[in-house]
Amino acid sequence: MSREGQKLDCAAGAGGVGIGVLSLDLLGQVLDRLREPRDRKACRVVSRAFERAEAAHRRALRVLRRERLPRLLRAFPALERLDLSACASLDDASLAAAVAGAGGGLAGLRRVCLARASGVGWRGLEALVAACPRLEAVDLSHCVGAGDREVAAVAAAAGLRDLRLDKCLAVTDMGLAKVAVGCPRLEKLSVKWCREISDIGIDLLAKKCPELRSLNISYLKVGNESLRSISTLEKLEELAMVGCSCIDDEGLELLSKGSDSLQSVDVSRCDHVTYQGLASLIDGRKFLQKLHAADCLHEIGQCFLSKLSTLKETLTVLKLDGLGVSDSLLQAFGEGCNNLVEIGLSKCSGVTDEGISSLLARCSDLKTINLTCCNLITNNALNSIADNCKMLECLLLESCSLINEKGIKQIATCCPNLKEIDLTDCGVNDAALEYLAKCSELRILKLGLCSSISDKGIAFISSNCGKLVELDLYRCNSFTDDGLAALANGCKKIKLLNLCYCNKITDSGLGHLGSLEELTNLELRCLVRITCIGISSIAIGCKSLIELDLKRCYSVDDASLGALARNALNLRQVNNLRSLVLVLAIFLRSRNIKRLSSLLQLTISYCQVTGLGLCHLLSSLRCLQDIKMVHLSWVSIEGFEMALRAACGRLKKLKMLTGLKTVLSPELLQMLQACGCRIRWVNKPLVYKDC
């Protein structure tokens, strides 16, 4: 618990006399200032005044269990934002019933997230929209079964301003027409991967929704006629058309004839777009701030450079990943784009020290530089960055193998605001980390495949980088338990930690990790020396854990789960667990599984799970939606049948071996698919890798 939470807890616990006389509005403001959910929960538990204040003041809610939804909607009548994306087994009937039970309590609801809620159809959406007259934003992303009827139900919200339909594969022009006609005040729309939408739908959208400011049509099969229609949107500021293979230079020229309101354009992976088309697009664009053209351009001509120079005062972001460049071209970018704060040159061939020096001589305001896989640069490039970019915050250098600790020293000395650096596969050593430790603002550090990194280097980082939230030590084979001790002692705010293939780590090291209460993502793949003794330490201490990867941890077997069983009660504290990857040799007893009740995603491929264990597993994890079951050699056909029937109605995604397709009962498979479960059949040989 934070210091603020402890003070309020003590005040409330002392009879609650002082707190009880405060107004609900004032108590609500106090709760708003508590950053940690567990602090708010502590106050709510010990003081009824705080409980009443939160009920009246709470504006956002994320629901994990369908059966709790009605009670929660009644308890918090002032909600403005509702997230049901992780609510397992949510369907039309349960959503409609919960909405009806809330009475008028949803009158103030403005934003609803139903991403991946594939069980919700048009009936549930109709009930939701009818109960929420002020609804402004709906997210149906990745509801792959959602079609025109579902979209029509949402379109009944006349005040809708923000709609996300990414990967709603069944939506066609008819559904988009319903949105265009029903939501004339729409400002943001994303139909990414809705590949049944054509130029006809986009044309009607442009005619009926003149208020559009942001539009994402990425990976649609639309052509140049869509850009002609989009050009009539006078208020459009952001346009993303990533991977639109039917769009070419002619379409960009048509788009250029429209309003000059565009501030951000993304044509990445548009195979038929060239620099001539981009030149026509940016011609006369007085307000263009961001230009993304990654993995689409093969060359740059003078006409593009001359047009780019007209954006000298406004352009702040330029991404040209995958482009072949030269020193003179990088110099031209620097001369024509003085106000850049971010540049992306990932996988650009021809990037040299001289080119970087020429670019940065004029671009001193850069805060983000991506030089991933620019393997010709050396410490000289880092010296140029250090000399010119004093406000640098993010530097990505993955696979730049010619740099070393001398270049890192310059960066650390001259760039005190550095927050993120990627040194994956750069071969840096402990000396580099000693210099990097000067950057006290560092939050993200990636050191994967740097085999020279040891406990000593991580100790340097731990001594001064207390704000670190993400650390990647993938295959840093010299890293041991002592390094974990230093890390846990100095970097208490770590949320993401990758220790895959750091095979010297043992249960003792995991014991140190138990003190990281904010840890959410932990990857321990192929740590052959850890057992459930170490895992139980994590379960006890890491109260915020969301994702745990134990793939190929061969020492974790049936017998070692005794330690986990002894700590079953402590697993109640891991109440935010969403994704647990138990890919090797774990048998979960049903009484322990119940403690992991909010688990959403599970991979148990290659496990020594029995049919009985699998059945207990799937019947007990009430929130489980995604499971991968490849090479469960100990499970019989009858075991699979019983387990899948136990979870039918909750599963959204299922991965199994193709061989099971012909032996499982057709009635079971049809029932799973009818409930919205997508089954992926795979052919994979049984291979046990040496870590």
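Quick caveat, the model's predicted, so the values are computed rather than measured.
- Heavy-atom minimum distance, Thr274 versus Gln276: OG1-OE1, 2.7 Å.
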In residues 414-425, what donor-acceptor pairs under 3.5 Å come from side-chain atoms, sequence neighbours left out?
| from | atom 1 | to | atom 2 | distance (Å) |
| --- | --- | --- | --- | --- |
| Asp422 | OD1 | Thr424 | N | 3.0 |
| Asp422 | OD1 | Thr424 | OG1 | 2.6 |

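- The neighbour count for Arg213 CZ, taken as heavy atoms of other residues, nucleotides or ligands under 6.0 Å away, is above 12.
- Tyr275 and Glu299 get closest at one heavy-atom pair: CD2-O, 3.4 Å.
- The ring pair (Phe, Tyr, Trp, His ring centres under 6.0 Å) test applied to Tyr474 returns Tyr501, not counting sequence neighbours.
- Checked by atom type and distance alone, the side chain of Thr368 never pairs as donor or acceptor with a backbone atom of Cys394 at under 3.5 Å.
- A distance-only check finds no donor-acceptor pair linking the side chain of Thr413 to the backbone of Gln410 [under 3.5 Å].
- Within the 4.5 Å cutoff, the side chain of Val265 has heavy atoms near those of the Met241 side chain.
- Every residue was checked against the salt bridge (charged side-chain N to carboxylate O under 4.0 Å, His left out) condition with Lys257, not counting sequence neighbours, and none meets it.
- In terms of the ring pair (Phe, Tyr, Trp, His ring centres under 6.0 Å) criterion, residue partners of Trp193 (sequence neighbours excluded) are, by chain and number, Tyr219.
- A donor-acceptor contact shorter than 3.5 Å links the side chain of Asn339 to the backbone of Glu313.
- When the side chain to side chain contact (heavy atoms under 4.5 Å, CB included) test is applied to Asp162, the partners found at least two apart in sequence or on another chain are Arg111, Ala137, Arg164, Lys188.
- Not counting sequence neighbours, the partners of Ala115 by the side chain to side chain contact (heavy atoms under 4.5 Å, CB included) test are Ser85, Cys113, Asp139, Ser141.
- The salt bridge (charged side-chain N to carboxylate O under 4.0 Å, His left out) check on Glu234 picks up nothing, with sequence neighbours excluded.
- Here the NZ atom belonging to Lys347 is positioned 7.0 Å from the CG atom belonging to Asp295, to the nearest 0.5 angstrom.
- In this structure, the side chain of Asn224 engages the main chain of Gly251 through a donor-acceptor pair within 3.5 Å.
- Side chain of Asp321 to backbone of Ser346: a donor-acceptor contact under 3.5 angstrom is found.
- Proximity of Leu239 to Leu233: side-chain heavy atoms (C-beta onward) are nowhere separated by under 4.5 Å.
- Neither side chain, Ser399 nor Asn375, offers a donor N or O lying under 3.5 Å from an acceptor on the other.
- Glu354 pairs by the salt bridge (charged side-chain N to carboxylate O under 4.0 Å, His left out) definition with nothing, not counting sequence neighbours.
- If you take CD on Glu342 and NZ on Lys290, they are separated by 8.0 Å, rounding to the nearest 0.5 Å.
- Partners of Arg269 by salt bridge (charged side-chain N to carboxylate O under 4.0 Å, His left out), not counting sequence neighbours: none found.
- Checked against side chain to side chain contact (heavy atoms under 4.5 Å, CB included), Val171 has the following partners two or more places apart in sequence or in another chain: Asp148, Val151, Cys168, Ile197.
- Taking all atoms of both residues into account, the shortest heavy-atom contact from Leu125 to Val154 is CD1-CG2, 4.0 Å.
- Atoms SG and CD, from Cys426 and Glu398 in turn, are 8.0 Å apart once rounded to the nearest 0.5 Å.
- Sorted by first and then second residue, the side chain to side chain donor-acceptor pair (under 3.5 Å) pairs involving residues 197-211 (not counting sequence neighbours) are Asp173-Ser198, Asp199-Ser226, Asp203-Lys207, Asp203-Ser229, Glu211-Lys235.
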Side-chain donor-acceptor contacts of residues 381-388 below 3.5 Å, not counting sequence neighbours, with atom names and distances?
| from | atom 1 | to | atom 2 | distance (Å) |
| --- | --- | --- | --- | --- |
| Asn383 | ND2 | Asn379 | O | 3.4 |
| Ser384 | OG | Asn380 | O | 3.2 |
| Asn388 | ND2 | Ser384 | O | 2.7 |

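- Although no hydrogens or angles enter the test, the distance criterion places no donor-acceptor pair under 3.5 Å between the side chain of Thr378 and the main chain of Ile403.
- No side-chain donor-acceptor contact under 3.5 Å links His298 to the backbone of Gly324.
- Residues Glu470 and Lys446 are in side-chain contact: their nearest non-hydrogen atoms beyond the backbone lie under 4.5 Å apart.
- Between the side chain of Ser218 and the backbone N or O of Val242, at least one donor-acceptor pair lies under 3.5 Å.
- Between the Ser231 side chain and the Gly258 main chain, no donor and acceptor come within less than 3.5 Å of each other.
- Taking every heavy atom of both residues into account, Leu236 and Glu238 meet most closely at CD1-O, 3.7 Å.
- Shown here for Arg116 and Cys143, the closest heavy-atom pair between the two residues is N-SG, 3.8 Å.
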